[in-house]
Structure formats: structure tokens, C-alpha cells
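Fair warning: this is a prediction, and the values are worked out from it, not measured in the lab. Proteins get letters first, then strands, A, B, ... in listed order; numbering begins at 1 in each.
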Amino acid sequence: MDLATLNTPQRDAVTHGTGPLLVLAGAGSGKTRVITFRIAQLLKQGVDPRHIAALTFTNKAAAEMRERVATLLPEKSQASKLTMGTFHSLGLNILKQERKAMGFPRGFVIYDTSDQLGLLREILRRLRNGDRKYDVKSILSRISLAKNAFVAPEDFSPATFDDYDEITAEVYGKYQTALRNFAAVDFDDLITEVVNIFNRNAEVRERWASKFRYLLVDEYQDTNKAQLHMIRALIEKHYNLCVVGDDDQSIYSWRGADTGNILGFGNMFPGAKIVKLEQNYRSTPNILEAANAVIGNNTDRYGKTLWSAMKPGTPITHAIADDANVEARFVAQEIVNLKQEQQRPYKDFAVLYRSNKQAKLIEEEFRERQIPYAMFGGQQFFERREVKDLIAYLRVALNPRDEIALRRIINYPARGIGGTTVQRLTGWCASERMPLWNGLVRIQELEGVRPGTKRSVSNFTEVVNRLGIEIERGGNVVALTRGLMEDIGLVDDIQKASPNFKAAQKRIDNIESLLKSLARQQERTAGKDALVEFLRLLSLDGADDEAEEVGNSVTLTTLHGSKGLEFPVVFLIGWEEEILPHARTLMPTAADITSGDYTPDVGEERRLAYVGITRAQQELYVSRSVVRIMRGKPIPRTPSRFLMEIPEELVTERNIANEMEAPVKAEELSAFFAEFAGEFANRD
DNA sequence: GTTGCGTTTATTTTT
DNA sequence: TAAACGCAAC
């Protein structure tokens, strides 16, 4: 570690002693270097690694950070003693250790989004017997936003004239009670429940506050109110907090991030030092100037001006395409050309868009031309149904109170326990005030259920019960799971339910890779705990078989997904009003209309534009279409206001239609017609 | 439990 | 437009 390789503000941040520190790190200003150097510096000064915690938002970021710190240390093993992870993983660790004080049962589980939705649907079904259908996702998002803002069910006050807020108010508390009854927590609870125990139990709070003498937080602009509470409690003893972030890159307010945290840092933490990192090592001055100009139109920011010591670089290309197909074709063609002319590998390129559906045309075009690409995002995580089903068995075996998991498997694979039986069961359990599982076990006492069905239910509870007992005894979980699959005929069912052999094989492979990573966990942790831990990490991390190696391919991702990445050549597509800024942010809400003074807040959309521009190192293309087919109709398009905010002198305009139509070579044309004629000839 | 048909609705996504 | 959803019929 050589401090001389840092610029002045970077060094100031790294060598800052005690007390709160805010590092405002512009895009490409060496933010990660500052965090890793600072940690290394603290260790060099003799701080015990166990007294340092660094929090990030993704597991990937945490792993990378640990690795980079290790390379700076003379003694690498110190890095493994650092507390490094996401807010949620730290929250989980605290909850596990303080479980008793919290009154949480030993094997509590973490509900993921699909579990949460299932639970909410169930509550709504009971509450309103189908008198109205609700968008469950939107209710869940309101609950989540409330939790992120650290608003408890009893404090939730619905906005007037907002019926979704009203139903949320009605359901939020029930949702929370149900979670606890099922021995479950959701993602947001991993933060809020930690804050709750800190608030209720001074002994616990002081213990954790003593442990962490230095706390570092990355991507601070993405933190929410609940996380702020957690941070405050953790630093109350030593008051050594270093946060790093960029207010101009705050793009997650829609999921609870509160820019007030970073904008109000100085007031919230008196005596705070603020360091700005404005020298950019990533992009050409041309690109930076464009970025500065665009973001300069935002209010509510600290205000930074990025600068670069590089040569000005090439102008930005503003590509105007006749329609979206032409736009996609242009991007593909330009990548092929630049690859040739500048000897660039495919991985030098990225195509960034506002919403995932924009990727479709690009994908089609790339496939046609055999351009390799890697897509990030999307939802392939949730579609592995077979994996979720198997996991549900393990969850119920471990924790029969987990009613959502139980409902998932009660008739999977089909065993003749249909909707009517389940309904009768839940009704009975509700009146007897007992968990669904108990009802299943006592099925013989329930009248009006056919004997065959009763036998199915008993077989089911028997299988799950036996699994639970064997796990409890510390049996080999992988072997037990295989036994279970045998018992319930899972493989047969998958083969039967799949349209073809290949699809079935793929699903079985998914299960195999799940078992593999379970085996790995078993090597690390003993007996039953292996499974408890495995299930929790699975919700927190996703399966660790995500071996998607990017290799040498063009990156396709959303603007959101591109944060933190950089590419020599970047294409920003679809810069049109209602795409960027997105139509939804331009639309007034009911409250806006009532108050009558509506001006759309496009600040966050502008920050998205800013994030996009600052991903580019050397070449930047911003493209738009003149006409675009939307909802089946061709719609004339207006250029994005952000495009107009880029100074003209930085930009070269290119009209694409003309370029695209010309280059059909004569011999290609005649070959085409020859083939065409042949086809006609063959027809009759 | 599955299939098919009519209806509805079009962000961003991590933990 | 097209994909996702919900409901009814098998």
C-alpha cells in the first residue's frame, strides 16, 4: 500500500483519524481504492480487524472489497477477520446472536419476495373474501417502503384519498403477525428488527456498539431510514463512521433509499468532515463535460464538478434512427465496425437501456449477427420452481409453522389434497386456533373428508415428519434429501410434467446443483445447523451456482444494473421522453392533481442519465428513434430532455436511416434474387 | 390439475 | 403488440 499513489483528497479520506467522515465520490474517482486503502491503513495503525465493519449493498461488492483489501495487507489472513458484508447479512448475524432476547425461535427462516406475496395473498383472501382484487405487489411494496422508512404497523398512517394506502394500513399489521407466527422474517425485518432490539435492549446495543470501533458504509446514497437507525446505534460508542457515496448516483428512491441520509449527513453527524473526490480517472473530458452539464440541472445536491487529466477524446455520437429497428441495427453494425477498426474485443462494449423490454430488439439483432452478449438482470432467479419446491420440503421439515412453504408442497407432487380439503383444513385450524400443520397431523378428527384423502394427508405428514426427525438427529442432509425425493416421487413427477426430455433434464440438473451446494454447506457446518444456515443464505444470496462467466461478450443491462461498471464504448439507447425520463415519473399522482401545482420531479431520472453517461471511458453513443411502435401503434417520438442538456459542441449528430439503407452490395442483391427465384421455382 | 380463451396492462431490482 | 393474468370448462 503506497499512499503516494493517491491524490490529495483521496489521501485525506484514507488518513482521516476519528469522527464522522463523508466521502463524496464522483463517478470513476477511485472510491473503492479509498475504502480499501482506509481499511488497510487502520489495520496498519494496529486496529484489530474484528473491530472494523464495512457494509455494502451486494454480496458481490463485499467479496470484491475483501479481496482488494487483502492484496494491500502484508498479512492476508487479517482480511478474513474483518466484518464485511451487506446490511442484511450483518442484520441476520445480529438477529441470530440475539435471537433469545428477540424471542425468535431457533430455526427462523427468511421469506423471499414470492413467499411474501403468497402470505399477503392469503391475508387478503381471508380479509376480503374476493370482493375486490388487489395488486398484491403494490401493497407489498408499500409495506416494504414503510419498513424501510422505519414506520411500524401501528404508526402507519394512510394518505388521504389513497385506497391502496388504506388497504396497506389494514394489512400491514396482520402481515407482520403472520410472519412471526410462521417463525419467519422478511428481508426488511433483517434491518428493522435489529433496530428494534437495539431500541429495546440497551445491553445488547452497547455490546454491538463496543464491538465496532470503525464502521464504513459504501454506496451511502442508497441507504434508507431504517439503515440509518442501525448505523447510528452501531457507532454510538466510538462515533467513527466513514461513509462513501455519490448523491448524483442515487437511483433507488423507489425502493426506499432516502437521499436525505447523504444530503443531511453534516447535520445528522455533527463535526463531520466532508471530502469531495472530483478527479475522474475513467472517462474523457468530453464525456465528463456532458455528464456535468446534464447533472447540473438538478437541485438538491452537494454539487461536484468532475474533471479529468486525459486528452479531450472523441465527440459523443447522437444517433437519430428512423425507428427502433433501425436503432438496434445501428448499434449492432457500429459494434461490428468498431471491433474491426479499433481492434476491440466484444467485452469493451455495453448497451444500456432504461427498461428491460428495450433489450428485446437488441437481442434479436445480436443473435442474427452472432454477436455474443451477456445480459444482466431479468428474473431468472425465481423461475426455478422445482428448486423452490424441494426447498419448501426442507423448510417445513425444519419448521412446520412455515405455512407458506407448507401450502406450496401440500399437494406437490399431486397427492389428491385439493383446494376443497385445504380450505376445510384452514377453516378448522382457524377456529381451533392452531397452525395448519397441526390440523394436518390431526386430520382423522376432521369430519367430511374422504378416507382416501385422509390417508394422503397422513402419508404426507409422515414423510415430512420423518425427514424432520432424521435432520434433528444430525443425519446427512444431502442423503436425507435424496431419500425424500424418492419418497415423494419428485423425479418421476418432473419427468411427467415436462414437455420433453431435455426440459426435464434441465430441471433435474437444477436440483442436482442445489444438492451440490447443500453438500458444500454441510462441509462447513455440522448437522442440522448446516441446513438452517443453508436455507437462510439461499434467500440472502441466491444459489451459489450462478457461474455466469461474462467471457468476451457485449454487456446488455439496464441503467440501474450498470452502476459501478465501466466500459470503453457505451451505447445509451432510447433517449426519448417517456422512456428516459420514464412516463411513470412524468405522470402526476392523485395528490398532485388535488394540490394543483404539479411539476414532475425528474431528478432521479436525470441521475440515471448521469449514471449512464459516466459508464463510458472512451466512446459514447446516445441514440433515439424518430418513430417507435408502442402498444401496437407507431408513435412519433420526442427527444429526451436530457439529450438536449448535453452541450452541442460535444456532440456529432448522425442520421441513421440513410447510412443503413445504402450498403447492400450489388452481388449480394443478385444472390438474394437468385435464391428468391429458386424458391419460387420450387414451389409449384 | 390442466387447458384454453378473453381481458388487462404495460419501470427500475437487491437483499 | 404481446405477455401475463384470471376464470371457466374439461
Side-chain angles (χ1 to χ4, degrees), chain A residues 55-62 85-92 110-117 121 130 133-138 140-141 144-145 147-148 185-192 194 219 222-224 226-227 249-257 324 352-361 376-383 410-422 493 496-497 499 536-542 546 557-564 574 578-587 604-605 607-609 611-612 628-635:
Chain A
L55 300 180
T56 60
F57 274 84
T58 65
N59 293 296
K60 203 172 134 215
T86 61
F87 271 92
H88 292 84
S89 64
L90 176 62
L92 174 62
I110 302 168
Y111 268 18
D112 69 12
T113 312
S114 65
D115 298 322
Q116 292 176 285
L117 288 171
R121 269 191 211 106
K133 55 192 172 89
Y134 291 94
D135 177 6
V136 188
K137 276 196 190 139
S138 125
L140 181 60
S141 123
S144 180
L145 285 174
K147 288 189 178 189
N148 287 166
V185 296
D186 65 17
F187 288 124
D188 302 319
D189 287 337
L190 293 175
I191 312 295
T192 53
V194 167
E219 305 280 13
D222 289 336
T223 53
N224 57 43
Q227 285 160 336
Q249 293 186 66
S250 159
I251 52 177
Y252 284 110
S253 75
W254 52 273
R255 71 176 203 217
L352 310 181
Y353 33 84
R354 173 67 233 262
S355 74
N356 275 313
K357 66 176 174 200
Q358 289 175 261
K360 209 182 144 200
L361 287 177
F376 294 108
Q379 275 123 329
Q380 64 278 56
F381 278 46
F382 290 105
E383 63 196 2
I410 195 163
N411 196 33
Y412 177 84
R415 50 171 69 88
I417 308 173
T420 327
T421 312
V422 173
D493 189 82
K496 206 172 63 196
R536 286 179 187 155
L537 292 180
L538 204 64
S539 341
L540 224 54
D541 269 4
E546 236 68 61
T557 185
T558 59
L559 289 167
H560 284 91
S562 75
K563 197 170 69 166
E578 294 176 323
I579 293 180
L580 183 76
H582 194 275
R584 187 132 168 178
T585 62
L586 296 172
M587 228 151 52
E604 182 146 319
E605 297 290 305
R607 293 195 287 270
L608 270 173
V611 167
R628 185 180 292 268
I629 311 281
M630 293 174 102
R631 301 189 193 176
K633 291 262 172 299
I635 308 284

Checklist entry - When you measure from the side chain of A/R631, which nucleotide among B/dT11, B/dA10, B/dT12 comes out closest? => result B/dA10

Checklist entry - Planes under 30° and centres closer than 5.5 Å, is that true for A/H582 with the base of B/dT11? => result yes

Next on the checklist: Using whole Å, what does the distance between atom C1' of nucleotide B/dT12 and atom NE2 of A/H560 come to?
Outcome noted: 4 Å

Checklist outcome for this item: Here the distance between atom C1' of C/dA3 and atom NZ of A/K360, to the nearest Å, is 9 Å

Item to check | Distance in angstrom units between A/I110 CD1 and B/dT14 C1', rounded | outcome: 14 Å

Next on the checklist: Run the side-chain contact (heavy atoms from CB on, under 4.5 Å) test against A/A61 and tell me which residues pass, sequence neighbours left out.
Outcome noted: A/T56, A/T58

Next on the checklist: Determine whether a donor-acceptor pair (one donor, one acceptor, N or O, separation below 3.5 Å) exists between the side chain of A/R354 and the base of B/dT11.
Outcome noted: yes

Checklist entry - Mapping A/L608 and A/G416 to their closest nucleotides on DNA chain B, which lands nearer the 5' end? => result A/G416

Checklist entry - B/dT15, B/dT11, B/dT13: which one has an atom nearest the side-chain heavy atoms of A/T86? => result B/dT15

Checklist entry - Between atom NZ in A/K357 and atom C1' in C/dA4, what is the gap in whole Å? => result 14 Å

Checklist entry - Would A/F57 pass as stacked on B/dT14, i.e. its ring centre under 5.5 Å from the base's six-membered ring centre and planes under 30° apart? => result no

Checklist entry - OP1 or OP2 of B/dT15 sitting under 4.0 Å from any side-chain N/O of A/N59? => result yes

Checklist entry - Looking only at atom P, what distance separates C/dA3 and B/dT14, rounded to whole Å? => result 22 Å

Item to check | Phosphate-side-chain proximity, A/K633 and C/dT1, N/O vs OP1/OP2 below 4.0 Å | outcome: no

Next on the checklist: In whole Å, I'd like the distance from the CD1 atom of A/I635 to the C1' atom of B/dA10.
Outcome noted: 13 Å

Next on the checklist: Strictly below 4.0 Å: does A/N356 bring a side-chain N or O up to OP1 or OP2 of B/dT12?
Outcome noted: yes

Checklist outcome for this item: To the nearest angstrom, the CG-C1' distance between A/L140 and B/dT13 comes to 13 Å

Next on the checklist: Taking the P atom in each of B/dT12 and C/dC5, what is the distance between them to the nearest angstrom?
Outcome noted: 14 Å

Item to check | Non-neighbouring partners of A/L117 that pass side-chain contact (heavy atoms from CB on, under 4.5 Å), sequence neighbours left out | outcome: A/T113, A/R121, A/V136, A/K137, A/L140

Checklist entry - Are any of A/T558's side-chain N or O atoms less than 4.0 Å away from OP1 or OP2 of B/dT13? => result yes

Next on the checklist: Please report whether the ring centroid of A/W254 lies less than 6.0 Å from that of A/H582.
Outcome noted: no

Checklist outcome for this item: Atom NZ of A/K137 and atom P of B/dA10 are separated, to the nearest Å, by 10 Å

Checklist entry - With under 30° as parallel and over 60° as perpendicular, where do the rings of A/F57 and A/F87 fit, or are they tilted in between? => result tilted

Next on the checklist: Expressed as a whole number of angstroms, how long is the span from A/Y353:OH to B/dT12:P?
Outcome noted: 10 Å

Item to check | Nearest heavy-atom neighbours spanning A/I635 and A/M630 | outcome: CG1-CB, 3.9 Å

Next on the checklist: I want to verify a distance call: between B/dA10, B/dT11, B/dT13, whose nearest atom is closest to the A/R255 side chain?
Outcome noted: B/dT13

